Novice: 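Structure provided below as structure tokens; questions to follow.
In this text, all values refer to a predicted model and were calculated from it rather than measured experimentally.
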2 protein chains.
Amino acid sequence: MKYSRQRELILKTLRENGIHPTAEQLYEFIRQEEPTISLATVYRNLNLLAENGIIKRIDGLEGTTHFDHQTHDHYHFICTKCHRVFDVPYEIAPNLAESASKETGLNITSYDIAFRGICKDCQKLN
Amino acid sequence: MKYSRQRELILKTLRENGIHPTAEQLYEFIRQEEPTISLATVYRNLNLLAENGIIKRIDGLEGTTHFDHQTHDHYHFICTKCHRVFDVPYEIAPNLAESASKETGLNITSYDIAFRGICKDCQKLN
DNA sequence: ACAATAATAGTAATTGTTATCGTTTAAAGG
DNA sequence: CCTTTAAACGATAACAATTACTATTATTGT
């Protein structure tokens, strides 16, 4: 993997962002600083970074994939109204992958937990 | 909601299917019995059934939505090789939505837990 | 500095899904 | 029954998210 300014910018922007953006959202943000960047470049690098374990994909939302700079297993809260994704500072069970593997006999390598509901900002708007 | 032969067939087929198929997979299967059915009808009815709580959507896979005839909260195992979705007969924590709500202060209404790994069939093929 | 090759921008193509629209069909009342 | 009405249909166009393609540019090792 060869260095590129665009990839560094993508990673830096993702790390500074708290809501785990989509490729499109990142693209719109980065465009302000780097107007010639291509949407394809954002997608290409996000996938590349995720494949190399540097960032993490978050599926589980309707249609669009989000990206997270934190790679360790943790939980998310997805607002069903504004569709933003937040980290959940709460742990159900430590070593969940291992204990679930033992219990079920399945070869579990990772997991995703997504909680859904209306976030505090969206609740205020009612 | 008015009765339709197509909807009944979709629901019946989903209930008989163990791997929680996508709309496309259901469509291909149903076509054998009902060759004139439209893919749009499959999508329309799966969404309608899910909105009415009769079936459940499973997001969380790369891109494609799967559907599940079981509506109560339960966990899934997604094979990262063949992309089939299986039920996980294992419960981490009862009343997870409520306890996580209390713990975090978030207004959690539902959740999804997806384990990932290689299923037994795919392990055999190596 | 130069060759080799990875990465880029721009855009076309693909894929999963939804919307549209004219036609068909199930349910309810006369 | 027969008619009316609205829901559902099939076919296909439209759409949105993502990937593939291609000619050009940038990075790295020598």
Side-chain angles (χ1 to χ4, degrees), chain A residues 1-14 19-52 54-68 78 80 82-85, chain B residues 1-14 17 19-52 54-68 78 80 82-85 114:
Chain A
M1 193 148 77
K2 196 181 279 190
Y3 171 85
S4 88
R5 191 167 32 81
Q6 289 87 336
R7 182 157 50 237
E8 186 173 54
L9 188 53
I10 289 163
L11 188 54
K12 175 176 161 283
T13 308
L14 183 60
I19 63 157
H20 313 323
T22 64
E24 187 75 40
Q25 289 172 333
L26 264 178
Y27 171 64
E28 289 303 332
F29 195 82
I30 291 171
R31 244 142 82 82
Q32 297 169 23
E33 192 165 333
E34 185 82 14
T36 61
I37 200 168
S38 168
L39 178 57
T41 299
V42 177
Y43 272 104
R44 202 186 316 110
N45 280 298
L46 287 172
N47 286 334
L48 195 64
L49 290 166
E51 278 162 28
N52 287 70
I54 298 161
I55 65 170
K56 210 181 162 195
R57 295 170 61 101
I58 311 171
D59 302 297
L61 202 46
E62 302 87 49
T64 44
T65 301
H66 289 239
F67 293 88
D68 191 338
I78 299 166
T80 52
C82 69
H83 300 285
R84 289 188 297 173
V85 179
Chain B
M1 194 149 75
K2 195 182 281 190
Y3 170 84
S4 89
R5 192 167 32 81
Q6 288 89 336
R7 181 158 49 237
E8 185 172 54
L9 188 53
I10 289 163
L11 188 55
K12 174 175 162 283
T13 308
L14 182 62
N17 181 298
I19 63 158
H20 312 324
T22 63
E24 188 74 40
Q25 288 172 332
L26 264 178
Y27 171 65
E28 288 305 332
F29 195 84
I30 290 172
R31 245 142 81 80
Q32 297 169 24
E33 192 166 332
E34 185 83 14
T36 61
I37 199 167
S38 168
L39 177 57
T41 299
V42 176
Y43 273 105
R44 203 182 313 115
N45 280 298
L46 287 172
N47 287 333
L48 195 63
L49 290 166
E51 279 162 29
N52 286 70
I54 297 161
I55 66 171
K56 209 181 163 194
R57 295 171 61 102
I58 311 172
D59 302 298
L61 202 45
E62 302 87 52
T64 44
T65 302
H66 289 239
F67 293 88
D68 191 337
I78 299 167
T80 52
C82 69
H83 300 285
R84 289 188 297 173
V85 179

Novice: Of all the nucleotides listed (C:dA19, D:dA8, C:dA7), which has the minimum atom distance to the side chain of B:Ala40?
Specialist: C:dA19
Novice: Measure from the side-chain N and O atoms of B:Asn17 to the backbone N and O of B:Ile19, and report whether any donor-acceptor pair falls under 3.5 Å.
Specialist: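 A pair under 3.5 Å: yes.
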Novice: Give me the one residue out of B:Gln25, B:Glu24, B:Arg31 that meets side-chain hydrogen bond (donor to acceptor under 3.5 Å, both in side chains) with B:Tyr27.
Specialist: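 By the side-chain hydrogen bond (donor to acceptor under 3.5 Å, both in side chains) criterion, B:Tyr27 pairs with just one of B:Gln25, B:Glu24, B:Arg31: B:Arg31.
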Novice: Check this one for me: any side-chain N or O of A:Asn45 less than 4.0 Å away from OP1 or OP2 of C:dA7?
Specialist: no
Novice: Go through C:dA27, D:dT28, C:dG10 for me and flag the one nearest to the A:Tyr3 side chain.
Specialist: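 Among C:dA27, D:dT28, C:dG10, the one nearest the side chain of A:Tyr3 is D:dT28.
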Novice: Would the base of C:dT25 count as contacting B:Lys2 through its side chain, where contact means a donor and an acceptor less than 3.5 Å apart?
Specialist: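 Answer is no: no donor-acceptor pair is held.
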Novice: Rounding to an integer number of Å, can you tell me how far A:Asn47 CG sits from C:dA7 P?
Specialist: 13 Å
Novice: Indicate, with a heavy-atom threshold strictly under 4.0 Å, whether B:Ala23 touches base, sugar-phosphate, or nothing.
Specialist: nothing
Novice: Measure the distance from CG on A:Leu9 to P on C:dT8 and round it to the nearest whole Å.
Specialist: 11 Å
Novice: Check whether any side-chain N or O of B:Arg44 sits under 4.0 Å from OP1 or OP2 of C:dT18, and answer yes or no.
Specialist: no
Novice: Can you measure A:Leu39 atom CG to C:dA9 atom P for me and round it to whole angstrom units?
Specialist: 11 Å
Novice: Please determine, by modelled atom types, if B:Arg7 and B:Tyr3 share a side-chain donor-acceptor pair under 3.5 angstrom.
Specialist: no
Novice: Taking donor-acceptor contacts at under 3.5 Å, does the side chain of B:Thr64 reach the base of C:dG16?
Specialist: no
Novice: Rounded to the nearest angstrom, tell me the gap between atom CG in B:Leu48 and atom C1' in C:dA19.
Specialist: 15 Å
Novice: To the nearest 0.5 Å, tell me how far B:Tyr43 OH sits from B:Thr22 OG1.
Specialist: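 The distance works out to 6.5 Å.
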Novice: Distance check: side-chain N/O of A:Ser38 vs OP1/OP2 of C:dT8, anything under 4.0 Å?
Specialist: no
Novice: Could you state the atom-to-atom distance from CE of B:Met1 to C1' of C:dA28 in whole Å?
Specialist: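 B:Met1 atom CE is separated from C:dA28 atom C1' by 19 Å.
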Novice: For the pair made of CD in B:Glu51 and C1' in C:dT18, what is the distance, rounded to whole Å?
Specialist: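 Those two atoms, CD and C1', are 12 Å apart.
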Novice: Have a look at A:Arg5 and say if it touches a base, only the backbone sugar-phosphate, or nothing, with a 4.0 Å heavy-atom cut-off.
Specialist: nothing
Novice: What is the distance, rounded to the nearest whole Å, between atom CZ of B:Arg7 and atom P of D:dG10?
Specialist: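 To the nearest whole Å, that distance equals 12 Å.
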Novice: For the pair made of CD in A:Glu8 and C1' in C:dA6, what is the distance, rounded to whole Å?
Specialist: 17 Å
Novice: Any side-chain heavy-atom pair from B:Arg57 and B:His66 closer than 4.5 angstrom?
Specialist: no
Novice: Heavy atoms only, 4.0 Å cut-off, all strands: where does A:Tyr43 land among base, sugar-phosphate and nothing?
Specialist: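 Base contact.
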Novice: Can you see if the side chain of B:Gln6 gets near the phosphate of D:dG10 - specifically, an N or O under 4.0 Å from OP1 or OP2?
Specialist: yes
Novice: Under 4.0 Å: is that the gap between some side-chain N or O of A:Ser4 and OP1 or OP2 of C:dT8?
Specialist: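 Affirmative; the distance criterion is met.
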